[in-house]
Amino acid sequence: GAGVSQSPSNKVTEKGKDVELRCDPISGHTALYWYRQSLGQGLEFLIYFQGNSAPDKSGLPSDRFSAERTGGSVSTLTIQRTQQEDSAVYLCASSPQTGTADTQYFGPGTRLTVL
Amino acid sequence: DQQVKQNSPSLSVQEGRISILNCDYTNSMFDYFLWYKKYPAEGPTFLISISSIKDKNEDGRFTVFLNKSAKHLSLHIVPSQPGDSAVYFCAAYSTSGTYKYIFGTGTRLKVLA
């Protein structure tokens, strides 16, 4: 596929459990972003990866959230000890490079529901 | 602090008429602005952008206007079509900043046939 893919598309979990969300960016895109969209809210920036540089984690809401990007490609967002307020759609986007305000290409998102 | 604001959560327009979606920003460091369109259960898709060196950018039925002094941009869709019904997000970016896109809360547009 040519686009950004995310898995799973839906995840229902119980409060206190850990979850992992996966993002496969467009091949060759060096920049990768994670966002969260809670009900009735805009897209909230979480974390940004660019090549081999240290990620910008300034948007992560708590230390229960972490993300990795292996080999400059696939990224995993991990939420530990999930809380009900973590329920949201988690969106991943990639872009070719930074510094030139490139268009971001978004995946379809993962809808997370914490019971 | 909401740096990018879309004050109208929803808008209804008759087919064939003009749709105007508004966006305000507070940070004068933003110098690049984008509009995204989002259908249910899909990720946002890029629609149109504008650099701060311009005050207008047009692409088919879509035109974005930028008023830097007012820190305001708007998206015009003419003529509106039922397929344009979606949520529209504006986003702002600083090319000299930390490469973070700041998104508004979105406006849900409904085009009535």
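Proteins get letters first, then strands, A, B, ... in listed order; numbering begins at 1 in each.
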Peer 1: Classify the angle between the aromatic ring planes of A:Y33 and A:F45 as parallel (below 30°), tilted (30 to 60°) or perpendicular (above 60°).
Peer 2: perpendicular
Peer 1: Please output the residues of residues 102-113 of chain B in contact with chain A, using a heavy-atom cutoff of under 4.5 Å, in numerical order.
Peer 2: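 From residues 102-113 of chain B, the residues near chain A are B:F103, B:G104, B:T105.
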Peer 1: Around atom CD of A:E85, are there more than 12 heavy atoms of other residues, nucleotides or ligands at under 6.0 Å?
Peer 2: yes
Peer 1: Please classify the contact of A:L43 with chain B as side chain, backbone, both or neither, using a heavy-atom distance under 4.5 Å.
Peer 2: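 Contact with chain B is through both the backbone and side chain of A:L43.
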Peer 1: Quick one: list whatever passes salt bridge (charged side-chain N to carboxylate O under 4.0 Å, His left out) with B:R17, sequence neighbours left out.
Peer 2: none
Peer 1: If you link ILVMFWY side chains whenever their heavy atoms are less than 4.5 Å apart, which other residues fall into the same cluster as A:V4? By chain and number, please.
Peer 2: A:I26, A:Y105
Peer 1: Which donor-acceptor pairs under 3.5 Å do side chains of residues 37-48 of chain B form with protein atoms, sequence neighbours excluded?
Peer 2:
from  : atom 1 : to    : atom 2 : distance (Å)
B:K37 : NZ     : B:Y39 : OH     : 2.9
B:K38 : NZ     : B:E42 : O      : 3.0
B:Y39 : OH     : B:G83 : O      : 2.7
B:T45 : OG1    : B:K37 : O      : 3.3

Peer 1: So that I know where these two stand, are B:F33 and B:Y25 an aromatic pair - ring centroids less than 6.0 Å apart?
Peer 2: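 They qualify: ring centres under 6.0 Å apart.
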Peer 1: Just give me the residue among A:Q37, A:Q6, A:E44, A:R111 that pairs up with chain B most often, heavy atom to heavy atom, under 4.5 Å.
Peer 2: A:Q37
Peer 1: Hey, mind stepping through B:S80 and B:Q14 against side chain to side chain donor-acceptor pair (under 3.5 Å) and telling me if it holds?
Peer 2: CA-CA 7 Å; B:S80 302; B:Q14 281 295 132; over 6 Å; no
